[in-house]
Amino acid sequence: MDNNAIADVFDEVADILEIEEVEWKPRAYRNAALGIRNYSKPLSEVYKKDGIKGLKEIPGIGENIAKKIEEIILTGKLSYLEKIRREIPKVIVELMALQHVGPKTAKKIYDKFKIKSMEDLKKLIKQGKLHELKGFGEKLEHEILEGIEDKEKKGKRYMLNEALPLAEEIKNEIMRQKGVSKALVAGSIARMKENIGDIDILVEARKSEPIMDYVAKMKIVEKVLSKGETRSSIVLKNGIQVDVRIVPKESFGSATQYFVGSKEHNVRMRQIAIKKGLKLSEYGLFKGGKAIAGAKEEEIYRKLGMEWIPFEMREERGEIEAAQKGKLPKLVELKDIKGDLHCHSTYSDGRATIAQLVKSAEEMGYEYIAIADHSEYNKIGEGISEKIRREENKEIDKANKNSNIRIIKGIEADIKKDGTIDMSKEMANEVDIVIASVHIGSDEKDATKRTLMAMDNPAVNIIAHPTGRIFEEGKEGTMDFEMISDKAKERGIILEINANPYRFDLNDVNAYAAMKKGIKMVIDTDAHDLSELECMKYGVGIARRAWCEKKDIINTMPWNKIEKIIRR
DNA sequence: GCCGTTTTCGGCCCGACTGTTTTCAGTCG
């Protein structure tokens with residue numbers, strides 16, 4: 001079981017204990033689940049190496065939960081969960097997953113009607129029977145029904161690349177309104193999470209400005225859910241909910257702090273405030289009812305005894321401790337990126353010509369771009385023979401003569417079933433950089449072994465999308481990242497952070513682990529299209545969530561320096 | 001059940017919103 005699966009176990013324990021109205025334990029189990037999700041090493045590895053003692057190092061894990069993790073690792077299940085599951089009908093836990101239904105409501109509904117499934121609840125609502133319960137009006141009924149239908153329709157999270165452009169569009173529209181001095185995309189988008197639940201936009205303005213009237217007229221808007229003085233909600237045509245909050249100047253910093261989140265980060269911040277005899281809320285930092293900070297985030301962090309923390313780090317993964325010690329990393333920025341080392345042209349399955357890619361790269365201010373088309377073995381990627389690649393390389397040589405930026409001859413060579421690289425020794429010397437990758441088809445079970453073998457090949461510089469995850473297909477990395485990263489460290493191989501939102505591989509957790517091991521990484525877009533070159537910002541977001549600095553990312557360096565780093 | 005340069009016991013974030021509330025409980029972020 002991987003870390004997320006173990007965390008799910010403890011979240012379910014928390015759900016059940018919440019229904020049973022057990023005090024405080026649910027919080028402890030939730031904290032444990034969070035600590036596990038945020039932990040970069042697989043718990044089974046930690047346990048193998050350091051046993052219970054190692055597990056207790058993880059935030060939120062004490063003696064008791066450590067023992068429970070041990071049981072899960074050794075037996076694949078948790079007898080405690082199985083025991084408490086028997087105490088509570090399963091449907092109650094399911095009900096709790098609905099919007100507007102918490103433990104109290106779920107229990108109340110069950111106790112009265114003894115329903116057995118979601119379908120039963122739907123029937124109940126359609127017959128108007130939920131009214132019989134005290135505290136259930138028409139509106140709540142309607143909203144619960146909507147919640148069920150939403151759940152049936154689709155998973156409620158959206159990809160970052162879907163949400164971010166829309167959020168920016170709305171923000172820009174708001175910025176154009178009179179009386180608006182600032183607007184900011186907050187929430188999980190600001191933290192560059194790979195998937196997001198809704199869009200949060202924070203606006204600095206005097207109250208009652210008719211901002212929302214303008215937003216409501218935008219083409220991307222489906223309907224307005226609610227419109228208030230300080231808080232409004234709308235739904236976009238693609239189903240994303242947008243919450244817009246309007247705050248006065250003196251609270252903009254504290255509101256930013258609050259609405260950027262994460263929730264866990266904020267909880268810690270408030271605890272720290274309390275210890276200092278202060279109170280932190282979205283309205284400001286208060287001492288005895290008097291605001292001592294609020295307009296600027298920096299001031300809030302400073303008065304709580306720490307450095308200002310970049311949005312992407314605010315996940316309660318040790319960033320607060322680092323900020324208190326003044327030891328935050330200086331995160332890599334988009335403007336540090338000097339080029340893209342993994343792009344596909346029309347020679348293989350790309351949709352842009354080399355000339356077009358080079359022109360775009362030049363406009364983006366890059367110093368270099370690598371054309372790394374697929375090798376012949378990759379049929380889906382329309383891989384090319386070495387004969388054609390030699391023609392391509394000639395074209396690159398020619399283009400380099402009158403180009404302002406360096407065009408690099410690359411190859412994305414497939415790692416074949418036997419672990420060898422789909423590239424001749426001669427070709428290895430004819431290209432500037434070799435990216436090797438497994439393209440998982442029906443033969444994914446040996447992917448780790450094959451990748452490890454490929455990394456022993458002295459021609460290989462970069463391993464692309466190192467865990468083989470593909471988001472849309474729900475494919476999480478099937479490869480053993482511990483083994484791959486250890487090998488990368490040993491062999492000096494560069495690991496790729498693939499900025500394509502359908503991959504995001506390495507993800508933030510793995511990239512953090514790689515950074516900690518001192519492995520160098522490269523942020524590539526794997527662009528198959530000119531527009532995909534723009535995905536670099538998402539890759540930088542992952543790197544920032546992984547606490548990476550400029551020195552960890554090779555394509556922040558000029559090409560002549562990269563040449564020295566990559567093993568030839 | 002976890003955690004501690006304020007504590008090994010006694011805490012555990014805070015405020016808005018909503019419904020139907022006649023003063024507040026439940027849920028959410």
Side-chain angles (χ1 to χ4, degrees), chain A residues 10 13-36 55-69 80 84 95-109 130-131 133-144 147 156 186-188 190-191 193 196-200 202 225-233 241 243 245-247 251 254-255 257-286 304-305 314 316 320-321 324-325:
Chain A
F10 292 121
V13 170
D15 283 343
I16 294 174
L17 294 177
E18 235 170 46
I19 295 161
E20 294 183 331
E21 293 179 60
V22 177
E23 282 198 300
W24 306 118
K25 285 192 194 185
R27 168 165 308 180
Y29 280 103
R30 291 226 192 275
N31 282 339
L34 178 77
I36 292 166
L55 294 174
K56 281 169 71 177
E57 297 290 308
I58 300 163
I61 311 276
E63 186 70 31
N64 270 292
I65 293 185
K67 278 188 188 147
K68 289 187 171 72
I69 295 172
Y80 174 64
I84 60 175
L95 289 178
M96 258 181 74
L98 293 173
Q99 283 279 302
H100 309 104
V101 181
K104 298 273 164 59
T105 309
K107 193 154 178 282
K108 219 164 23 168
I109 294 174
L130 218 55
H131 281 316
L133 277 174
K134 224 171 86 186
F136 285 82
E138 229 167 83
K139 188 155 182 193
L140 187 59
E141 230 180 33
H142 180 71
E143 277 173 350
I144 292 176
K156 57 181 176 188
S188 45
R191 304 199 311 279
K193 275 197 73 165
I196 65 123
D198 61 4
I199 295 175
D200 283 300
L202 194 61
L225 288 179
S226 66
K227 209 164 77 178
E229 280 282 286
T230 62
R231 180 179 173 174
S232 302
S233 294
Q241 183 170 332
D243 291 327
R245 336 232 174 189
I246 298 167
V247 297
S251 297
S254 46
Q257 202 282 317
Y258 181 76
F259 290 114
V260 166
S262 67
K263 190 180 166 197
E264 292 78 17
H265 174 88
N266 287 352
V267 167
R268 269 297 301 286
M269 292 292 289
R270 287 173 182 218
Q271 284 170 348
I272 288 165
I274 292 167
K275 278 187 190 163
K276 291 183 184 295
L278 306 171
K279 193 185 77 167
L280 178 64
S281 75
E282 57 264 52
Y283 300 103
L285 182 64
F286 297 91
L304 290 175
R314 300 182 187 177
E316 177 59 350
I320 289 176
E321 287 74 8
Q324 285 170 329
K325 289 179 197 145

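In this structure, the side chains of R245(A) and Y258(A) stay at 4.5 Å or more apart for every pair of heavy atoms. Inter-residue side-chain proximity for L304(A) and L278(A) is flagged as met; some heavy-atom pair is nearer than 4.5 Å. In this structure, the side chains of H100(A) and T105(A) stay at 4.5 Å or more apart for every pair of heavy atoms. By the 4.5 Å heavy-atom criterion applied to side chains, I69(A) and I58(A) are not counted as neighbours.
Searching all strands for a Watson-Crick or G-U wobble partner of dG26(B) with both distances below 3.5 Å returns dC17(B).
Taking the C1' atoms as reference points, dG29(B) lies 28 Å from dT22(B), given to the whole Å. For the P atom pair drawn from dA16(B) and dT21(B), the interatomic distance equals 23 Å after rounding to whole Å. Nucleotides dC3(B) and dT7(B) are separated by 9 Å at their C1' atoms, to the nearest Å. The same atom, P, is picked in dG26(B) and in dT20(B); the two are 14 Å apart, to the nearest Å. Comparing dG1(B) with dT5(B), their P atoms sit 23 Å apart, to the nearest whole Å. Comparing the same atom, P, in dT6(B) and in dC2(B) gives a spacing of 23 Å after rounding to whole Å. Distance check on atom P: dC9(B) versus dC14(B) gives 25 Å, rounded to whole Å.
Rounding to whole angstrom units, CD of residue E316(A) and C1' of dC2(B) are separated by 13 Å. A straight line from NZ of K56(A) to P of dG1(B) spans 14 Å, rounded to a whole angstrom. Distance NZ (K68(A)) to C1' (dG1(B)): 8 Å, rounded to an integer number of Å. N64(A) places its CG atom 5 Å from the P atom of dC2(B), with the value rounded to the nearest Å. Rounded to whole Å, atom C1' of dC3(B) lies 12 Å from atom CD1 of I65(A). Summarising the geometry, the separation between CD on E57(A) and P on dC2(B) is reported as 14 Å, rounded to the nearest angstrom. Atom CD of E63(A) and atom C1' of dG1(B) are 12 Å apart (whole Å).
Between N266(A) and G60(A), the one whose closest nucleotide on DNA chain B sits nearer the 5' end is G60(A). Both L278(A) and A66(A) lie close to DNA chain B; mapped to their nearest nucleotides by heavy-atom distance, the more 5′-ward contact belongs to A66(A).
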**Request:** Scan nucleotides 4-12 of chain B nucleotide by nucleotide, 5' to 3', and note B when protein non-hydrogen atoms come under 4.0 Å of the base, S if they reach only the sugar-phosphate, - if neither.
**Result:** --B-----B
**Request:** Classify every nucleotide of nucleotides 18-29 of chain B by which part a protein heavy atom approaches to under 4.0 Å, writing B for the base, S for the sugar-phosphate alone and - for neither, in 5'-to-3' order.
**Result:** -SS-----SSSB
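Base orientation at dT7(B) is syn, since its O4'-C1' glycosidic dihedral falls within 90° of 0.
With sequence neighbours excluded, the residues forming a side-chain hydrogen bond (donor to acceptor under 3.5 Å, both in side chains) with S233(A) are D243(A), listed by chain and number. Contacts of E321(A) classified as salt bridge (charged side-chain N to carboxylate O under 4.0 Å, His left out), with partners at least two apart in sequence or in another chain: R268(A). Every side-chain hydrogen bond (donor to acceptor under 3.5 Å, both in side chains) that S262(A) has, sequence neighbours left out, goes to E264(A).
Among all heavy-atom pairs drawn from A186(A) and F259(A), the shortest one is CB-O, 3.6 Å.
With respect to E20(A) and K25(A), no salt bridge is recorded, no charged nitrogen being found less than 4.0 Å from a carboxylate O.
Evaluation of the salt bridge (Lys or Arg N to Asp or Glu O under 4.0 Å) test over residues 273-284 of chain A, restricted to residues two or more places apart or in two chains, returns R270(A)-E282(A).
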